[in-house]
K.L.:
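Structure below; questions to follow.
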Amino acid sequence: MKQRVISLMLTVAMGATLLAGCGSSATDSANAGADSGKESAAAAGTESDEKDFSGEGKVINIYSWNDEFRTRLEAVYPEVESTSSDGTVTTLKDGTEIHWVINPNQDGVYQQKLDEALMNQADAAADDKVDIFLSETDYVFKYTDKDADVAMPLTDLGIDPETDLSDQYDFTRTTASDSDGVQRGSTWQCCPGLLVYRRDIAKDVFGTDDPEAVGEKVKDWATIKDTAAELKAKGYYTFASYADTFRLYGNSIDESWVQPGDTTVKVDQKIINWVNDSKEWLDAGYLDSNIKGQWNDDWNKSMGSQSKVFAFLLPAWGIDFVLNPNWDGEAGNWAVTNPPQEYNWGGSYIHAATGTDNVKYAKDIILAMTSNQDNLLKISQDYSDFTNTKSGMAEAAKDDADFSSEFLGGQNPFVYFAPVAENIKIAPLSAYDQGCVELIQNSFSDYLQGNVDFDKAKANFETAIKERYPDITEVQWPE
C-alpha cells in the first residue's frame, strides 16, 4: 500500500484542472497585496497576543497555486509585519519570513512541484522544507491519506478538532480527514453553490426578478426542465454548457470512484444520469451547443451582456473570480437563488507538512485562518468568501448592511448560501477523484458534441484513466 501511495504522489495530472483554483491568479494580484500586512493587525481589530515561537525555523515555506491564501492571511493574521512588493515574501513581526512557493494548477504543475518537494522532505535543509501546503477538494484525499503521511494530524499540532474547530461545517472536516477519520487539514472556506441568474432575462420571461419567485422556477430538476422550455421559447438558454451541471450530479455519488485499497474505478449511476440528461437538454436546445465545456473563451463570453444564457451554477468564489470579471454590463444585473439541488464546489485546505520545523507557526496560522470567527467574518466581508463558521454565516445571513453585494444589486447572498451549506453531504472521496472527474467529462464531451458514440466515449474513458493512473486495472459501469 505504501508503494502504491508513493506512486500516486508521483503521478502528474496531465489534463488542465476543471476546478481551476478557487480565486485569482498569482500574477493578477501579486502587487495588490504588497505591504498589506502592515495594516492587517489593525484591520482584523485585534493585536497579536504574546506567543512563544522560540525554536521555530526562520523560513516558513507555503506551497499554493495562487495568491488567494496569501491575501487572506495578510488581511487577518496579526503576526504579519510586511510583504515584499512582488508578493513572494511576507515578513512576520519576529523576523520570520513566509516564502510563498506558487505554481499554477494548470496541467498538474502545482501537484507535480509539491509532490517532488514532499518526496524530498526528509533530506531537505531546514529552510527548504515544506511547512504548509494547500490542496483542493478534487485531490485533497491524495494528501490526507494516512499511508502517504505527508499532512500532519491536527492533533499532533496541538489542535483539537472537536473543540477548536467545532463551529466548522461538518462536511469540510470530513473532507480534510483520512480514512480513519483523523483530520489532517482545515479550511477557511465552505463552498456551497447557488444558481446565479440574469435579472433582465428573468423579468423578460417570468415578469419578475425576485429571488424567491425565481427560486420556485428552479427548485428541482423537474421544475427547472419546464422552466427551460419557457426560456427557450423566448430565445434564451438555461445554462451555457452541459459542463455547468456536472458538479451537482458528481457531488452526490453514493460511492467513491475508487474504494480504499482497490484498483477498480466504479462509475456511479448519477454520472451516467448527467450524461443522459445533458444529451436531452442539448437536443432540446436548453443549452448552447456552441459552448463546449468550461474555462474557455466561449464560456467566458457567455457571461457577458450580449449573451442569451440565463444562469450559472456557481459558489461564492465563482461569482467573484469568474462571473464578475467576465460581466461587461452594469453592476446589479445578477442575483442568486436556490439551486435545483444542493452542492459544493471547491475549497482550499491548509495542511501542515510532516517534517516541518515550524510546528508552532503552522498551528497558529491554521487556527487564525480557520477557527477565529472574527477573522473569518472579515474575510467574508472583504472577499465575499463563504467562510467556514456555521454561527458566523448564520450571522452574515441576517446582516444585510455588512454583507450585501453591489454586484448582486444589493442582495445579501449569504441568505441563500447558508441553508445550502447546512444541507451539503460530501460525496465519498478517493485519491483518484481529480483524474476521474476531469477524464469522465472529457470523454463524454466528445459524445455530447457528436464526435463519438456512447460506447466509444466509455472506451476512451477507460483508456484515459488507466494512462493517468497505471495502477487502475478495471472500470466498472452501472448496469
K.L.:
Which heavy-atom pair separates Gly185 from Ala176 by the least distance, and what is that distance?
P.N.:
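Here Gly185 and Ala176 meet closest at O-CB, 3.2 Å.
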K.L.:
Can you confirm if the NZ or CZ of Lys266 lies within 45° of the ring axis of Trp257 and under 6.0 Å from the centre of its six-membered ring?
P.N.:
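No cation-pi geometry.
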K.L.:
Does the pair Lys217/Glu230 count as a salt bridge with the N-to-O cut at 4.0 Å?
P.N.:
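Salt bridge present between Lys217 and Glu230.
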K.L.:
What I want to find out is whether Arg247 reaches Asp138 closely enough, with some N-O distance under 4.0 Å, to be called a salt bridge.
P.N.:
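The answer is yes: the pair qualifies as a salt bridge.
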K.L.:
Decide, yes or no, whether a salt bridge links Asp167 with Lys390 under the criterion of side-chain N to carboxylate O below 4.0 Å.
P.N.:
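Lys390 and Asp167: not salt-bridged.
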K.L.:
Give a yes-or-no answer on whether the side chains of Asp328 and Ser305 include a donor-acceptor pair shorter than 3.5 Å.
P.N.:
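Their side chains do contain a donor-acceptor pair, which is all the 3.5 Å distance test asks for.
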K.L.:
Is the closest side-chain donor-acceptor distance between Asp204 and Tyr236 under 3.5 Å?
P.N.:
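Checked: Asp204/Tyr236 side chains pair up, N/O donor to acceptor below 3.5 Å.
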K.L.:
Taking the six-membered ring for Trp and the single ring otherwise, decide whether the centroids of Tyr237 and Trp281 are under 6.0 Å apart.
P.N.:
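Distance test on ring centres: not under 6.0 Å, no.
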K.L.:
Strictly distance-based, threshold 3.5 Å: is any side-chain N or O of Tyr110 a donor or acceptor partner for the main-chain N or O of Tyr63?
P.N.:
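Yes.
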K.L.:
Considering the options Trp274, Phe454, Phe461, Phe246, which one meets the ring pair (Phe, Tyr, Trp, His ring centres under 6.0 Å) requirement together with Phe444?
P.N.:
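Only match with Phe444 under ring pair (Phe, Tyr, Trp, His ring centres under 6.0 Å): Phe454.
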K.L.:
Quick one: OG1 on Thr187 to CZ on Arg173, what's the gap to the nearest 0.5 Å?
P.N.:
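Answer rounded to 0.5 Å: 13.5 Å.
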K.L.:
Could you go through Asn344 and Asn251, starting from their C-alpha distance and side-chain angles, then the distance that decides it, and tell me whether this counts as side chain to side chain donor-acceptor pair (under 3.5 Å)?
P.N.:
CA-CA 7 Å; Asn344 181 78; Asn251 280 16; over 6 Å; no
K.L.:
Kindly check if the number of other-residue, nucleotide or ligand heavy atoms within 6.0 Å of CD (Gln476) is above 12?
P.N.:
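More than 12 within 6.0 Å, yes.
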K.L.:
Salt bridge check, Lys225 against Glu280: does any charged N sit closer than 4.0 Å to a carboxylate O?
P.N.:
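Salt bridge between Glu280 and Lys225, a charged N being under 4.0 Å from a carboxylate O: yes.
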K.L.:
Please report the C-alpha distance between Asp283 and Lys279 in whole Å, then the side-chain angles of each, then the deciding distance to 0.1 Å, and finally whether the salt bridge (Lys or Arg N to Asp or Glu O under 4.0 Å) criterion is met.
P.N.:
CA-CA 6 Å; Asp283 290 346; Lys279 182 70 164 60; 2.8 Å; yes
K.L.:
Over 60° means perpendicular and under 30° means parallel, so classify the ring planes of Trp334 and Phe407, tilted if in between.
P.N.:
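If you compare the ring of Phe407 with that of Trp334, the planes turn out parallel.
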K.L.:
Does the distance from a Lys or Arg side-chain N to an Asp or Glu carboxylate O, for Arg70 and Glu74, drop under 4.0 Å?
P.N.:
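Yes.
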K.L.:
May I ask you to say whether Asp115 pairs ionically with Lys142, meaning some side-chain N is under 4.0 Å from a carboxylate O?
P.N.:
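Looking at Asp115 and Lys142, the cut-off is met.
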K.L.:
Taking atom types as modelled and ignoring hydrogens, do the side chains of Gln189 and Asn388 form a donor-acceptor contact shorter than 3.5 angstrom?
P.N.:
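Looking only at side-chain atoms, Asn388 and Gln189 do not form any donor-acceptor pair under 3.5 Å.
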K.L.:
Just by distance, with hydrogens left out, do Thr223 and Asp220 show a side-chain donor and acceptor under 3.5 Å apart?
P.N.:
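A donor-acceptor contact under 3.5 Å links the two side chains.
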K.L.:
Does NZ belonging to Lys466 count more than 12 external heavy atoms closer than 6.0 Å?
P.N.:
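Yes.
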K.L.:
Does the gap between the ring centers of Phe386 and Trp317 come in under 6.0 Å?
P.N.:
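Centroid separation for Phe386 and Trp317: 6.0 Å or greater.
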K.L.:
Can Lys270 and Asp254 be counted as an ion pair, charged N to O under 4.0 angstrom?
P.N.:
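Salt bridge present between Lys270 and Asp254.
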K.L.:
Checking Leu231 against Ile201 for the side chain to side chain contact (heavy atoms under 4.5 Å, CB included) test, could you report, in this order, the C-alpha distance in whole Å, the side-chain angles of both residues, the deciding distance, and whether it holds?
P.N.:
CA-CA 9 Å; Leu231 287 161; Ile201 295 177; 4.0 Å; yes
K.L.:
Quick test of your reading of the model: are Arg468 and Glu438 salt-bridged, counting only N-O distances below 4.0 Å?
P.N.:
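Salt bridge: yes.
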K.L.:
Hey, are Asp178 and Lys146 close enough for a salt bridge, meaning a charged N less than 4.0 Å from a carboxylate O?
P.N.:
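Answer for the salt bridge query: no.
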K.L.:
Would you say Trp221 and Asn273 make side-chain contact, with heavy atoms under 4.5 Å?
P.N.:
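No, side chains not in contact.
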K.L.:
Tell me, do His351 and Ile132 make a side-chain contact under 4.5 Å, heavy atoms counted?
P.N.:
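His351 vs Ile132: side chains apart.
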K.L.:
Hey, is Glu212 close enough to Lys219 for a salt bridge, meaning N to O under 4.0 Å?
P.N.:
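A salt bridge is absent here (no side-chain N lies under 4.0 Å from a carboxylate O).
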K.L.:
Look up atom CD in Gln341 and atom CD1 in Ile224, then write down how far apart they are to the nearest 0.5 Å.
P.N.:
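The CD atom of Gln341 sits 11.0 Å away from the CD1 atom of Ile224.
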K.L.:
Would you please classify the geometry between the Tyr469 ring and the Tyr432 ring as parallel, tilted or perpendicular, with 30° and 60° separating the classes?
P.N.:
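Ring orientation, 0 to 90° scale: perpendicular.
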K.L.:
For Ser430 and Ser256, which I'm curious about, is there any donor-acceptor pair between the side chains at under 3.5 Å?
P.N.:
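No donor-acceptor contact under 3.5 Å links the two side chains.
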K.L.:
Could you tell me if the side chain of Met393 sits less than 4.5 Å from the side chain of Ser380, heavy atoms only?
P.N.:
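Counting from C-beta outward, Ser380 and Met393 do come under 4.5 Å.
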K.L.:
Mind checking whether Phe206 and Tyr197 have ring centres under 6.0 Å apart?
P.N.:
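Here the rings of Tyr197 and Phe206 have centres that are no less than 6.0 Å from each other.
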K.L.:
Just checking, Arg72 and Tyr383: is the charged tip under 6.0 Å from the six-membered ring centre and within 45° of the axis?
P.N.:
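Judged by the rule (NZ or CZ under 6.0 Å from the ring centre, within 45° of its axis), Arg72 counts as positioned above Tyr383.
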K.L.:
Look only at the side chain of Asn326 and the backbone of Val322, and say whether a donor-acceptor pair between them is shorter than 3.5 Å.
P.N.:
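Yes, Asn326 side chain to Val322 backbone: donor-acceptor pair under 3.5 Å.
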K.L.:
Yes or no on ring pair (Phe, Tyr, Trp, His ring centres under 6.0 Å) for Phe133 and Tyr143, after CA distance, side-chain angles and deciding distance?
P.N.:
CA-CA 10 Å; Phe133 66 93; Tyr143 294 102; 5.5 Å; yes
K.L.:
With no hydrogens and no angle check, just 3.5 Å: does a side-chain donor-acceptor pair link Gln294 and Gln441?
P.N.:
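Gln294 vs Gln441: no donor-acceptor pair found between side chains.
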